[in-house]
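Right, one structure below, let's go through it.
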There are 2 protein chains.
Amino acid sequence: MRESWLMKNRLKVLRAEYNLSQADLATRLEVSRQTVNAIETEKYDPSLPLAFKIASVFDLKIEEIFTP
Amino acid sequence: MRESWLMKNRLKVLRAEYNLSQADLATRLEVSRQTVNAIETEKYDPSLPLAFKIASVFDLKIEEIFTP
DNA sequence: TCCGAATGTAAAGGTTGCTTGTCTTAATGT
DNA sequence: ACATTAAGACAAGCAACCTTTACATTCGGA
C-alpha cells in the first residue's frame, strides 16, 4: 500500500447543492457511478484530469473541493 | 492506450525560475527523479496528491501549473 | 407496505502512476 | 582529456485508479 494519506473532499455536499445523484455526476464526468462513489467515500483519490473535470462541473478551483 | 489528452504543465519553466534540478525537485516532492522527468516531458500526469505537493513547492494553485 | 431510486460494496480485469536500476548523451569545468 | 552533473530514455514490477457486472441496503413517496 502507498502511504495513502487520502485527500478530503466536499463532493457529497456539492452534489447535494446541485441536486445531483452519484449517477448524474458520473454521467457528467464520463466515469462510472462506482468511481464517483469511491471518491466520495474516500476509497481513493481521483486522477488529476478527473479532478479538473469535477472542479469544472461545480465551477470551483480544485483546492476548493479537495484538501490534503 | 488511453486517448491520452495529457495535461500541459509549466514545470520546466518553474524549475528554471527556482534554479532547481529535476533531482532537487524530486527530493522536495519525495518522488523519484524519473517521476519528475516523466511529468515534465508529459509522459503521464501526476496523481492529485503529487499535484498538490508540486503546487505548494512553487506556491501556486494547481490550475496555475497544469492545464487540460 | 411496496416500489423504485439512490447508495454502498465487492470481485475481476485493464490502464496509469511511480518505483528502482541501468544506459546514453550533452554541457560544464578542471 | 577527463570527471562531474543534468537530463532523457527504457524496462520490469508493484500500487493506485477506473471499469464492468452484480448484489445488498437504505430511504422516501404513493
side-chain N/O S47(B) vs dC18(C) OP1/OP2, d < 4.0 Å: yes
- line: Atom CD1 of I54(A) and atom C1' of dC18(D) are separated, to the nearest Å, by 12 Å
Interatomic distance where CG belongs to D45(B) and P belongs to dC18(C) [whole Å]: 9 Å
field: F52(A) side, atom CZ; M7(B) side, atom CE - distance, nearest 0.5 Å
entry: 4.5 Å
query: Under 3.5 Å, is there a donor-acceptor pair linking the side chains of D24(B) and T27(B)?
result: no
What nitrogen or oxygen pairs link the protein and nucleotides 4-9 of chain D at under 3.5 Å?
residue : atom : partner : partner atom : Å
dA7(D)  : OP1  : R15(B)  : NH1          : 2.9
dA7(D)  : OP2  : Q22(B)  : N            : 2.7
dA7(D)  : N7   : R33(B)  : NH1          : 3.4
dG8(D)  : OP1  : K12(B)  : NZ           : 3.0
dG8(D)  : OP2  : Q22(B)  : NE2          : 2.3
dG8(D)  : OP2  : N37(B)  : OD1          : 2.6
dG8(D)  : N7   : R33(B)  : NH1          : 3.4
dG8(D)  : O6   : R33(B)  : NH2          : 3.1
dA9(D)  : OP2  : K43(B)  : NZ           : 3.3

- prompt: Starting at CG of L29(B) and ending at C1' of dG17(C), how long is that distance when rounded to a whole Å?
  reply: 14 Å
- prompt: Are side-chain heavy atoms of L20(A) and L14(A) found at a separation under 4.5 Å?
  reply: no
message: I need the CD-C1' distance between E42(A) and dC17(D), as an integer number of Å.
response: 16 Å
message: When you measure from the side-chain N and O atoms of S32(A) to the phosphate of dC18(D), is any distance below 4.0 Å, counting only OP1 and OP2?
response: no
query: Is there side-chain contact between L25(A) and L11(A), with heavy atoms separated by less than 4.5 Å?
result: yes
- prompt: What is the distance, rounded to the nearest whole Å, between atom CZ of F52(B) and atom P of dG17(C)?
  reply: 17 Å
message: What is the distance, to the nearest angstrom, from the CG atom on L6(B) to the P atom on dT15(C)?
response: 16 Å
- prompt: Tell me, do I54(B) and F66(B) make a side-chain contact under 4.5 Å, heavy atoms counted?
  reply: yes
message: From CD1 of I39(A) over to C1' of dC18(D), roughly how many Å is that when rounded to an integer?
response: 9 Å
task: Any pair with a residue in residues 37-62 of chain A that passes salt bridge (Lys or Arg N to Asp or Glu O under 4.0 Å), sequence neighbours left out, goes on the list, sorted by first then second residue, please.
output: R15(A)-E40(A), E30(A)-K53(A)
task: Send over the distance from Y44(A) OH to dT9(C) P, rounded to a whole Å.
output: 13 Å
